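Just so we're clear, the structure is a prediction, and the values are computed from it rather than from any experiment. Just so you know, these numbers use all the heavy atoms, side chains as well, and skip hydrogens, waters and symmetry mates.
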Amino acid sequence: MLLHREPLLIFILSLFCCTGCDQPVQQQASNPPNVVIFLSDDQGWGDLSHSGNTNLYTPNIDKLAQNGLSFDRFYVEPVCSPTRAELLTGRYHLRGGVSGTSAGEERLDLDETTFVELFQEAGYATAAFGKWHNGMQHPYHPNARGFDYFYGFCSGHWGDYFSPPLEENGKLVKGEGYLVDDLTNKALEFIEDKRDAPFLVYLPYNTPHSPMQVPDQWWNKFETKELEMVLPVDQNEDLQFTKAALAMCENIDWNVGRVMGKLEELGLEENTIVIYLSDNGPNSFRWNGGMKGRKGSTDEGGVRSPFFIQWPGRLPAGKSIPQIAGAIDLLPTLVDFTGINASVNRPLDGKSLVPLMLEDNPPWEDRMIFSHWNGNTSVRTQRYRLDSEGRLYDMEADPGQSTDIAAEYPEIARQLGLAKTDWDEEMAAEFDGNARPFTLGYPEATYTQMPARDAEPHGNIKRSNRFPNDSFFTNWTSTQDSITWDVEVIEAGEFSVEVYYTCSEKNLGSRIQLSVGGNQVQAKVKEAHNPPLRGMENDRVERMESYVKDFKPIPMGRIKLEKGRSKLVLKALEIPGDQVMDLRLLLFKRIN
């Protein structure tokens with residue numbers, strides 16, 4: 001570690017131990033507890049009736065706090081992928097190589113241990129339903145990070161929430177109905193099937209992340225509703241966006257109720273730990289308890305999340321815990337609760353929260369929790385926040401961060417500033433920043449996707465949207481154009497390849513070639529497939545993500561891949577029409 005100031009070193013070192021992991025709440029027994037984790041996407045702390053927001057009603061989520069306990073000051077990161085990495089590993093996201101939300105920067109390093117792997121090794125049936133966002137290709141894929149079963153999507157944005165293309169254990173499938181409802185349906189089936197064995201169910205929902213799409217059942221309540229709690233006019237709240245977000249949150253609440261009802265129906269409620277949290281602050285300026293900042297900000301409003309945990313008979317009902325905590329604490333806390341024999345090969349930044357949950361006045365030292373995004377870092381203690389610009393706020397007296405008190409309390413500002421500098425230096429030393437190729441040919445993976453999101457267009461080719469996550473390529477007009485992926489073949493073999501495309505009748509006949517190393521395969525575009533763009537018909541407000549199409553596959557044939565790093569190159573050899581095709585992804589299937 002690079003921390004060199006001795007008093008601060010002693011303080012921060014105390015944060016890097018898995019406190020309580022060696023003394024579990026219950027030893028591994030014949031009936032270990034199940035675990036269900038709900039993670040919403042872009043839901044602010046204020047987007048719950050439990051938080052005092054009268055604009056919506058979330059009784060099922062609120063009950064988790066009423067029947068369990070809540071952490072009043074719980075912190076995540078300002079955006080999706082970093083929070084998910086910290087939740088999975090108990091370590092700050094930069095340690096695990098996660099620095100962004102696309103272009104491969106969202107991938108969690110392969111030498112990191114996830115809590116899911118620990119539960120899988122302990123005999124749990126493990127499943128995830130929803131948005132993964134920590135790597136698509138194996139061994140970054142959820143099926144390689146501890147999940148026996150995965151249903152959802154691995155990207156950061158998705159273009160349509162109604163019967164969209166998804167994947168099931170790597171195989172491309174079509175969703176059924178509204179996405180959050182569909183994910184919940186699959187989770188209920190899994191719980192029913194695994195009722196007699198300990199299970200871990202992770203439900204990282206995709207809402208209220210944009211595009212702002214929600215079924216009429218939820219939208220109709222809000223479309224013409226007069227909202228009681230709105231921001232001042234000068235804060236530029238988009239009321240239609242707010243209404244859509246709140247409608248999506250009420251849909252989440254309904255689905256949480258469905259899961260809780262299933263646990264009760266199966267007699268599993270008392271032996272199941274249920275957790276609810278969000279991955280960052282709200283994705284628009286809307287009521288959030290008067291806090292400063294929203295998604296993307298390292299201020300309080302960008303990183304404070306609801307956190308509720310219920311375990312009937314084990315955790316007190318209705319208890320609110322004032323001590324600060326964060327996503328980094330989930331792994332050590334779950335290990336402590338379940339008593340599994342955990343072996344983590346890296347020091348943790350998180351600590352077990354079990355003493356706070358079970359004891360009235362446990363010994364608990366003040367700590368620092370760091371928030372980081374896009375080069376900005378802030379640090380939170382129990383009372384203070386030092387923001388990314390070095391301004392100091394008393395969060396008890398000034399939760400809205402309106403008055404900088406750094407000049408009034410220079411020693412506190414200095415100490416927190418030194419801690420922030422040391423943290424930044426330590427993260428920079430651990431994060432090498434080297435470009436990582438996209439992995440292909442992982443021996444245990446039948447399917448591997450190479451989407452447009454992870455490729456580079458050359459020549460005239462353009463993305464359908466500046467945000468790559470759910471984009472496709474278009475304007476492929478020249479034989480000099482190409483699409484390339486930087487790949488590393490993990491294990492050599494023979495693969496069949498499909499290209500997911502659209503093409504009009506008048507543009508049929510292009511001959512395309514895929515090459516990697518010295519091997520290549522060619523195909524001709526013989527069948528027209530020209531569906532319209534879709535997604536806009538379901539939008540409640542204007543979107544930022546790409547609209548989508550229903551792409552279909554062209555079989556290209558078989559190609560041999562040699563082990564090692566190389567360029568995967570897709571180009572056209574003949575173009576009889578105006579352009580070749582629009583392209584969504586390549587799908588590789590291992591033959592041998």
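- Checking Asn460 against Ser478 by side-chain atom types alone, no donor-acceptor pair falls below 3.5 Å.
- Residues Ser496 and Ile591 approach most closely at N-CG1, 3.7 Å, considering heavy atoms.
- With 3.5 Å as the limit, one finds no donor-acceptor pair spanning the side chains of Ser371 and Glu77.
- Side-chain contact check for Thr502 and Asn530: no donor-acceptor pair (N or O, by modelled atom type) lies under 3.5 Å.
- Of the N and O atoms on the side chains of Ser546 and Asn465, not one donor lies less than 3.5 Å from an acceptor on the other residue.
- A donor-acceptor distance shorter than 3.5 angstrom exists from the side chain of Asn519 to the backbone of Lys560, with no hydrogens or angles considered.
- Contact detail for Ile340 and Ala122: the closest heavy-atom pair is CG2-CB, 3.8 Å.
- Within the structure, ring pair (Phe, Tyr, Trp, His ring centres under 6.0 Å) contacts touching residues 552-592 (residues at least two apart or in different chains) do not occur.
- Ring-plane geometry between Phe162 and Tyr178 is classed as tilted, the angle between the planes lying from 30 to 60 degrees on a 0 to 90 degree scale.
- Side-chain contact check for Asp539 and Gln213: at least one donor-acceptor pair (N or O, by modelled atom type) lies under 3.5 Å.
- Judged by distance alone, the side chains of Thr83 and Glu86 never bring a donor and an acceptor atom under 3.5 Å apart.
- Checking each of Arg367, Lys351, Arg91 against Asp329 for a salt bridge (charged side-chain N to carboxylate O under 4.0 Å, His left out) leaves exactly one that passes, namely Arg367.
- Looking at Asp470 and Arg453, no side-chain N of the basic residue comes within less than 4.0 Å of a carboxylate O on the acidic one, giving no salt bridge.
- Applying the ring pair (Phe, Tyr, Trp, His ring centres under 6.0 Å) rule to pairs touching residues 543-573 yields Phe472-Phe551, sequence neighbours excluded.
- Inspection of the Thr298 and Asn376 side chains reveals no N or O donor paired with an N or O acceptor under 3.5 Å.
- At distances below 3.5 Å, not a single donor-acceptor pair connects side-chain atoms of Ser278 with backbone N or O atoms of Ser305.
- The pair Glu430-Arg95 meets the salt-bridge criterion, with a side-chain N (NZ, NE, NH1 or NH2) lying under 4.0 Å from an Asp/Glu carboxylate O.
- Ion pair Arg436/Asp109 flagged as a salt bridge, since at least one NZ, NE, NH1 or NH2 atom sits closer than 4.0 Å to an Asp/Glu carboxylate oxygen.
- Pairs engaging residues 429-464 under the ring pair (Phe, Tyr, Trp, His ring centres under 6.0 Å) rule: His138-Tyr442 [sequence neighbours left out].
- Of the N and O atoms on the side chains of Tyr205 and Thr184, at least one donor lies less than 3.5 Å from an acceptor on the other residue.
- One finds a salt bridge joining Asp41 and Lys131 here, because a Lys/Arg side-chain nitrogen approaches an Asp/Glu carboxylate oxygen to under 4.0 Å.
- Salt bridge Glu527/Lys552: present, at least one basic N to carboxylate O contact under 4.0 Å.
- Relative ring orientation between His372 and Trp423 is described as tilted, the plane-to-plane angle lying within the 30° to 60° band.
- Cation-pi check for Lys186 over Tyr151 is met; the charged atom lies under 6.0 angstrom from the ring centroid and within 45 degrees of its normal.
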